[in-house]
Student: 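Got a structure here, written out as structure tokens. Questions coming.
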Amino acid sequence: MKLDTLYQRHKLVENMIEKGFEFEESLIHDQECGNDWGGAMSTVENLMTIEEMIRTEEIYLNIFAEMDSYRTRNIDDKAIYFRIVDDAFMHFIDTILLDKIEFAFDHLEGWDFVSEGGKKFKKNYCKKLDALIKKYQDLYDL
């Protein structure tokens, strides 16, 4: 699983949401798997929030690209503005996006799935969330 680009990370989360919905829907009428349904539903909700945050990451990266292409005579002012946006971006990644991914991982890891399908769902999604956490930590030196 490649997570080097924003597109790859976004696609991973989108696919997790889609498969999570499918798993959740497969459990709707199974009364013995109510706990698994709740875990899947909670996981999908967390992933939807993460997906929105990855879109925000994209907005920041687009801002950087636009700022870089903006021509100015005063390079010092441009550097100051870059630092301001970069500080806000790093704060967003560290305390909001990464925190939410870690929360989703911890929440899912603590959920007690009962069915074999639920246990498989949990293992697979924990693995993907863990990879996402490590990628963000590595990408942004956190």
Side-chain angles (χ1 to χ4, degrees), residues 1-72 75-142:
M1 144 178 55
K2 287 202 150 253
L3 299 172
D4 296 327
T5 68
L6 179 89
Y7 175 79
Q8 291 168 335
R9 295 187 298 277
H10 189 243
K11 201 68 179 157
L12 171 74
V13 174
E14 278 184 332
N15 289 338
M16 290 173 71
I17 291 169
E18 183 181 323
K19 300 285 187 213
F21 270 132
E22 290 172 10
F23 179 65
E24 182 184 329
E25 288 176 3
S26 74
L27 300 172
I28 286 177
H29 300 294
D30 188 347
Q31 296 197 9
E32 292 179 18
C33 292
N35 192 52
D36 288 9
W37 175 82
M41 182 183 75
S42 178
T43 300
V44 168
E45 287 173 356
N46 285 329
L47 288 169
M48 290 170 69
T49 302
I50 292 166
E51 193 264 343
E52 289 290 325
M53 290 180 183
I54 291 173
R55 288 178 189 222
T56 303
E57 177 188 10
E58 181 179 23
I59 291 168
Y60 269 110
L61 295 175
N62 289 338
I63 289 170
F64 283 124
E66 284 187 39
M67 287 176 70
D68 192 40
S69 69
Y70 183 77
R71 296 178 62 176
T72 181
I75 299 300
D76 293 335
D77 283 351
K78 190 173 183 178
I80 290 169
Y81 297 135
F82 259 107
R83 273 196 305 278
I84 291 169
V85 174
D86 186 54
D87 288 348
F89 176 65
M90 291 306 294
H91 183 72
F92 167 77
I93 294 293
D94 187 27
T95 63
I96 300 175
L97 175 58
L98 188 55
D99 189 58
K100 185 60 178 180
I101 299 169
E102 289 169 342
F103 172 82
F105 175 84
D106 292 342
H107 187 72
L108 177 60
E109 189 173 58
W111 201 277
D112 196 22
F113 285 86
V114 210
S115 70
E116 285 306 311
K119 291 175 185 175
K120 192 174 176 181
F121 171 85
K122 176 181 176 176
K123 182 180 177 181
N124 183 26
Y125 275 50
C126 279
K127 179 181 172 184
K128 290 177 181 178
L129 287 170
D130 187 51
L132 200 56
I133 290 167
K134 288 178 181 167
K135 178 48 77 176
Y136 273 104
Q137 289 171 336
D138 183 48
L139 272 174
Y140 297 109
D141 294 323
L142 301 172

Student: Quick one, Met16 and Leu129 - any side-chain contact, counting heavy atoms below 4.5 Å?
Tutor: yes
Student: How long is the span from the CG atom in Asp99 to the CD1 atom in Ile93, to the nearest 0.5 Å?
Tutor: 12.0 Å
Student: Can you see which heavy atom on Lys128 is nearest to which on Leu12, and at what distance?
Tutor: CD-CD1, 3.9 Å
Student: Cut-off 3.5 Å, no hydrogens considered: what does the side-chain donor-acceptor table look like for residues 133-142, sequence neighbours left out?
Tutor:
from	atom 1	to	atom 2	distance (Å)
Lys134	NZ	Asp130	OD2	3.0
Lys135	NZ	Asp4	OD1	2.7
Tyr136	OH	Arg9	NE	3.2
Tyr136	OH	Glu57	OE1	2.5
Tyr140	OH	Glu57	OE2	2.8

Student: Quick one, Glu22 and Glu25 - any side-chain contact, counting heavy atoms below 4.5 Å?
Tutor: no
Student: Could you list the donor-acceptor pairs under 3.5 angstrom formed by side chains in residues 103-113, with sequence neighbours left out?
Tutor:
from	atom 1	to	atom 2	distance (Å)
His107	NE2	Ser42	OG	2.7
Trp111	NE1	Asn35	O	2.8

Student: Does Ser26 have any side chain to side chain contact (heavy atoms under 4.5 Å, CB included) partners at least two apart in sequence or in another chain, and if so, which?
Tutor: Phe23
Student: When rounded to the nearest 0.5 angstrom, what is the spacing between CE in Met53 and CD1 in Ile101?
Tutor: 8.5 Å
Student: Tell me, do Met48 and Phe21 make a side-chain contact under 4.5 Å, heavy atoms counted?
Tutor: yes
Student: List the atom of Asp36, the atom of Val114, and the distance in Å for their closest heavy-atom pair.
Tutor: OD1-N, 2.7 Å
Student: By side chain to side chain contact (heavy atoms under 4.5 Å, CB included), which residues pair with Glu45, not counting sequence neighbours?
Tutor: Met41
Student: Given side chains that start at C-beta, do those of Tyr125 and Leu47 come closer than 4.5 Å, heavy atoms only?
Tutor: yes
Student: CD of Glu52 to CD1 of Ile54: how many Å apart, nearest 0.5 Å?
Tutor: 10.5 Å
Student: Could you tell me which residues satisfy side chain to side chain contact (heavy atoms under 4.5 Å, CB included) with Ser69, sequence neighbours excluded, listed by chain and number?
Tutor: none
Student: Thr56: which residues meet the side chain to side chain donor-acceptor pair (under 3.5 Å) condition with it, sequence neighbours left out?
Tutor: none
Student: Give the table of side-chain donor-acceptor pairs shorter than 3.5 Å for residues 79-91, with sequence neighbours excluded, one pair per line with atom names and distance.
Tutor:
from	atom 1	to	atom 2	distance (Å)
His91	NE2	Thr95	OG1	3.3

Student: Among all residues two or more places apart in sequence or in another chain, which pass the side chain to side chain contact (heavy atoms under 4.5 Å, CB included) test with Glu51?
Tutor: His10, Val13, Glu14, Ile17, Arg55
Student: Sequence neighbours left out, what pairs pass ring-ring contact (aromatic ring centres under 6.0 Å, His included) with at least one residue falling in residues 32-57?
Tutor: none
Student: Applying side chain to side chain donor-acceptor pair (under 3.5 Å), name anything that partners Lys100, two or more places apart in sequence or on another chain.
Tutor: Asn46
Student: Taking all non-hydrogen atoms of both residues, which atom of Leu6 and which atom of Leu61 are closest, and how far apart?
Tutor: CD1-CD1, 4.4 Å
